[in-house]
Structure formats: structure tokens, C-alpha cells
Amino acid sequence: MHCSDVRTALSARIDGEAPPPGVTCVALETHVRGCAACHRWGERARRLKVLAARLGVG
């Protein structure tokens, strides 16, 4: 699984959307556990969503 696919799937998950076709939760979690860059990206995306909600954006 490529990092760009994982980040698209993480973004969908954070937004409450279904993952892209062909991406399973197991594959996503496995990649994120093994890829520090995607793990950090996911954490930053989640924090950004929380901050935006606090500001009433989105």
C-alpha cells in the first residue's frame, strides 16, 4: 500500500466517509503502525479537524 493511498483513506476516515475502494481497515491500520510518516500525518490531520471545529470552520 502506498502512502498516498493511506493518506487518502485516513482523510476519508477522519471526515466520516467510507474508505476508497480496495482499502481495508486492516491494511490501513497495518500500514499506519509500520509507517511513522503516515502515523504523524494522521495525527496532524485529526488535530487540524479538532481545531477547525473549535473555530467553527468546516
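Quantities reported herein were computed from a predicted structural model and do not represent experimental measurements. Below, each value reflects all heavy atoms present in this structure, side chains not excepted, and no hydrogens, waters or symmetry copies.
Scanning both residues, Ala18 and Ala12, for their nearest heavy atoms gives O-CB, 3.5 Å. The shortest heavy-atom contact between Ile14 and Gly42 is CD1-O, 4.0 Å. In this structure, Cys38 and Leu10 approach most closely via the heavy-atom pair O-CD1, 3.8 Å. A pairwise comparison of heavy atoms in Pro20 and Thr8 identifies CG-CG2, 3.8 Å as the closest pair.
For the pair Arg46 and Glu43, the salt-bridge criterion is met [side-chain N within less than 4.0 Å of a carboxylate O].
A distance of 10.0 Å separates CD of Glu29 from NE2 of His39, quoted to the nearest 0.5 Å. Here Met1 contributes atom CE and Cys35 contributes atom SG; the two are 11.5 Å apart, rounded to the nearest 0.5 Å. The structure places CH2 of Trp41 at 10.5 Å from OG of Ser4, a figure rounded to the nearest 0.5 Å. Atom-to-atom distance recorded for Glu17:CD and Ser11:OG is 7.0 Å, nearest 0.5 angstrom.
Between the side chain of Thr30 and the main chain of Val26, a donor-acceptor pair closer than 3.5 Å is present.
Side-chain contact between Arg44 and Leu48 is absent, with no heavy-atom pair separated by less than 4.5 Å.
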Legend entry - Verdict with reasoning, Asp5 to His31, per side-chain contact (heavy atoms from CB on, under 4.5 Å): CA-CA 10 Å; Asp5 297 328; His31 180 92; over 6 Å; no
